[in-house]
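Everything below concerns the one structure shown next.
Numbers restart at 1 for each chain; the letters A, B, ... are given by sequence-line order, proteins then strands.
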Protein chains: 2
Amino acid sequence: MSADPSARRGIPDATVARLPEYLRALTGFAERGITSVSSEELAAAAGVRSAKLRKDLSHLGSYGVRGVGYEVDHLAYQISRELGLTQDWPVAIIGMGNLGHALAAYSGFATRGFRVVALLDQDSHLLGQEIAGITVQPMDALTSLAEQGLAIGVIATPAASAQDVCDQLVAVGVRSILNFAPCVLVVPEDVDVRKVDLSTELQILAFHEQRRALAAEGALEHVTLEPINSAVGR
Amino acid sequence: MSADPSARRGIPDATVARLPEYLRALTGFAERGITSVSSEELAAAAGVRSAKLRKDLSHLGSYGVRGVGYEVDHLAYQISRELGLTQDWPVAIIGMGNLGHALAAYSGFATRGFRVVALLDQDSHLLGQEIAGITVQPMDALTSLAEQGLAIGVIATPAASAQDVCDQLVAVGVRSILNFAPCVLVVPEDVDVRKVDLSTELQILAFHEQRRALAAEGALEHVTLEPINSAVGR
DNA sequence: TAGATTGTTAATCGATTAACAATC
DNA sequence: TAGATTGTTAATCGATTAACAATC
């Protein structure tokens with residue numbers, strides 16, 4: 001691939017999804033004072049194979065040195081830039097139940113690149129309460145928040161209100177939504193919804209757990225049970 | 001595919017990951033008193049295309065009726081059975097910070113198939129406290145829990161303790177782990193780890209958000225911006 | 001039977017992997 | 001130069017999709 005940055009286009013979704021993990025691994029190396037890593041070392045830390053890592057990085061540009069490896073800080077910066085973490089994205093969390101409360105306090109938001117600018121709830125008796133140093137506002141506040149710039153909406157309401165809240169976010173121009181409610185959201189095609197779903201994850205685990213149990217009792221005679229996971233690769 | 005259930009083998013990972021969504025959609029239909037659906041209707045409710053839904057279901061067996069559709073209750077049962085939800089999986093949550101607290105109270109666990117049997121924390125001043133009706137126990141309790149049967153461990157500790165907790169779970173025989181800590185866990189290959197990671201999801205959103213911003217200001221001249229998401233398909 | 005809809009086929013698309021030429 | 005490691009190629013693998021024969 002060309003070294004010309006303007007030629008870098010169309011990074012595969014699967015690659016984008018792994019960049020955060022690479023960035024995290026690089027941060028870990030930097031904290032331990034390591035300034036240079038090979039694709040083999042970085043891949044091991046990120047839990048993938050080195051061929052996949054190199055292929056992924058090749059989509060961003062050519063940031064390694066043959067025979068040497070990657071400079072930790074430089075590669076971390078390039079990945080950060082590609083992910084858009086060199087700027088700040090204002091985030092609003094909607095729904096201040098147990099989950100929203102935990103999210104407001106969660107350090108994941110505190111990572112570089114994101115700033116929780118508002119906590120919203122439609123329940124009037126939560127309004128004015130302070131959570132993690134931020135005052136809970138009513139849903140009406142969305143319009144003025146959007147005017148000040150709001151990039152990401154996090155939906156932590158019950159499933160029954162999620163679509164309504166989503167529609168309100170879309171109406172004020174928010175195009176990136178992280179949905180914790182266990183339901184499918186319908187959005188215009190230029191809106192990006194990602195979903196974090198506990199019970200889906202549990203059910204996927206249950207599937208494999210059952211599979212092992214059946215294999216153990218010999219119910220699946222003709223099946224050799226595949227490794228489900230391994231330290232590298234996935 | 002054969003109607004013989006013993007011939008149903010090797011359901012693709014991508015299909016397994018969608019089964020919970022189909023099940024949820026079916027539950028929704030059942031609640032509204034709808035007893036029969038076409039692949040078109042069910043697919044729309046689950047946010048996929050009908051061809052994908054039919055292909056997915058074909059891996060489970062032949063549970064539809066040509067010219068008619070699927071019987072809601074029957075298909076829901078078959079998917080539940082395939083996912084292993086017709087039995088109860090004992091779950092332990094480890095780490096009773098904000099997140100663990102929210103998880104303990106979260107209704108996602110209350111869905112059929114899972115039962116939170118223990119809350120654990122290594123912090124001695126949380127011990128004995130009751131959260132969501134369950135008493136917090138020390139990590140030592142893991143051994144006896146495992147003897148009584150423990151299928152799934154949910155790690156809600158800080159990243160720094162996650163690998164240690166994971167090792168303890170693996171040591172007592174737990175082979176299904178849901179990791180909320182932002183780190184890669186190293187496990188034997190017969191252990192299944194799934195990860196729920198807030199900041200990874202945010203970073204993926206940021207990538208697309210930045211992409212839209214750059215496209216809007218014309219920085220990506222040669223790129224037509226692809227739809228990022230749509231109501232159907234993904 | 002006529003109309004409807006499934007289950008399957010075959011083509012396409014995208015992701016992964018191993019191997020190695022390029023090159024520090 | 002000799003050794004090491006990247007970036008890329010090409011083969012493989014798996015997932016998606018549209019179309020349609022099977023069949024209720």
Side-chain angles (χ1 to χ4, degrees), chain A residues 1-5 7-19 21-22 26 34-44 46-72 74-75 78-79 226-227 229-230 232-234, chain B residues 1-5 7-19 21-22 26 34-44 46-72 74-75 78-79 226-227 229-230 232-234:
Chain A
M1 170 154 293
S2 163
D4 173 10
R8 291 180 285 99
R9 288 293 87 85
I11 300 178
D13 285 349
T15 295
V16 173
R18 284 186 292 265
L19 293 181
E21 200 59 69
Y22 300 155
L26 285 166
I34 295 165
T35 58
S36 174
V37 286
S38 67
S39 62
E40 203 64 58
E41 294 164 326
L42 182 53
V48 300
R49 289 184 196 285
S50 66
K52 189 188 267 185
L53 171 74
R54 290 198 301 277
K55 182 78 170 160
D56 282 341
L57 294 183
S58 77
H59 290 111
L60 311 193
S62 187
Y63 299 127
V65 179
R66 286 166 140 102
V68 177
Y70 301 88
E71 211 250 300
V72 170
H74 182 62
L75 185 56
Q78 294 297 344
I79 294 177
E226 300 288 313
N229 183 27
S230 68
V232 286
R234 186 65 154 141
Chain B
M1 169 155 293
S2 162
D4 174 10
R8 292 180 284 98
R9 287 294 88 85
I11 299 179
D13 285 347
T15 294
V16 172
R18 284 186 293 265
L19 293 181
E21 201 59 70
Y22 300 155
L26 285 167
I34 295 166
T35 57
S36 175
V37 285
S38 67
S39 62
E40 203 63 59
E41 293 165 325
L42 182 54
V48 300
R49 290 186 195 283
S50 65
K52 190 188 268 185
L53 171 73
R54 289 198 302 277
K55 183 77 171 160
D56 282 341
L57 295 184
S58 76
H59 290 110
L60 310 194
S62 187
Y63 299 129
V65 180
R66 287 165 140 102
V68 177
Y70 300 89
E71 212 250 300
V72 170
H74 182 63
L75 184 56
Q78 294 297 344
I79 294 177
E226 299 288 315
N229 182 25
S230 67
V232 284
R234 187 62 155 144

Q) Which is it for B:Leu26 and B:Val37 under the side-chain contact (heavy atoms from CB on, under 4.5 Å) test, yes or no, and what are the steps along the way? A) CA-CA 9 Å; B:Leu26 285 167; B:Val37 285; 4.3 Å; yes
Q: Given side-chain contact (heavy atoms from CB on, under 4.5 Å), test B:Tyr70 with B:Ser39 step by step and report yes or no.
A: CA-CA 7 Å; B:Tyr70 300 89; B:Ser39 62; 3.9 Å; yes
Q: Start with the C-alpha gap between A:Val72 and A:Leu42, add the side-chain angles, then the distance that decides, and say whether side-chain contact (heavy atoms from CB on, under 4.5 Å) holds.
A: CA-CA 9 Å; A:Val72 170; A:Leu42 182 53; over 6 Å; no
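One finds no side-chain N or O of A:Arg54 lying less than 4.0 angstrom from the OP1 or OP2 phosphate oxygen of C:dA19. Within the structure, every side-chain polar atom (N or O) of A:Ser38 is placed at least 4.0 Å from both OP1 and OP2 of D:dT5. Here B:Tyr70 does not reach the OP1 or OP2 of C:dA4: none of its side-chain N or O atoms lies under 4.0 Å away. Contact check, B:Ser39 against C:dT5: no side-chain N or O comes under 4.0 Å of OP1 or OP2.
Distance check: B:Arg18 CZ to B:Asp13 CG gives 10.5 Å after rounding to the nearest 0.5 Å. Note: B:Leu53 CG to B:Glu41 CD = 11.5 Å, rounded to the nearest 0.5 Å. Between the CD1 atom in B:Ile34 and the CD atom in B:Glu71 there is a gap of 13.0 Å [rounded to 0.5 Å]. Atom CG of B:Leu19 is separated from atom CD1 of B:Ile79 by 5.5 Å, given to the nearest 0.5 angstrom.
Contact annotation: the side chain of A:Ser58 never approaches that of A:Arg54 to less than 4.5 Å [non-hydrogen atoms, C-beta and beyond].
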Q. DNA chain D in dot-bracket, Watson-Crick or G-U pairs under 3.5 Å, [ ] crossing, | other strand?
A. ..||||||||||||||||||||||
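Between A:Arg49 atom CZ and D:dT8 atom P there is a gap of 22 Å when expressed in whole angstrom units. If you measure from atom CG of A:Asp56 to atom P of C:dA15, you get 10 Å, rounded to the nearest angstrom. Atom CG in B:Leu60 sits about 10 Å away from atom P in C:dG7, given to the nearest Å. The separation between A:His59 atom NE2 and D:dT8 atom C1' is 11 Å, rounded to whole Å. Computed from coordinates, the B:Leu57 CG to C:dT5 P distance equals 16 Å when rounded to whole Å. Here C:dG7 presents its P atom at 10 Å from CG of B:Leu53, a figure rounded to the nearest Å. Rounded to whole Å, atom P of D:dT6 lies 17 Å from atom NZ of A:Lys52. In this entry the distance linking CD of A:Glu71 with C1' of D:dT6 reads 16 Å, nearest Å.
B:His59 places a side-chain N or O within 3.5 Å of a backbone atom of B:Lys55 that can act as its donor or acceptor partner.
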Just the table, please: protein N/O against nucleotides 21-24 of chain D N/O, every pair under 3.5 Å.
residue	atom	partner	partner atom	Å
D:dA22	N3	B:Arg66	NE	2.9
D:dT23	O4'	B:Arg66	NE	3.4
D:dC24	O4'	B:Arg66	O	3.4
D:dC24	O2	B:Arg66	O	3.3

Under 3.5 Å, N/O pairs linking protein and nucleotides 12-14 of chain D:
none

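Checking each of A:Thr15, A:Val48, A:Leu75 against A:Tyr22 for a side-chain contact (heavy atoms from CB on, under 4.5 Å) leaves exactly one that passes, namely A:Val48.
Of all non-hydrogen atoms in A:Glu40 and A:Ser50, the two that sit nearest each other are OE1-OG, 3.2 Å.
Mapping A:Asp13 and B:Glu40 onto DNA chain C by nearest heavy atom places B:Glu40 at the nucleotide closer to the 5' end.
Here the side chain of A:Ser58 is nearest to one of D:dG7, C:dG7, C:dA15, namely D:dG7.
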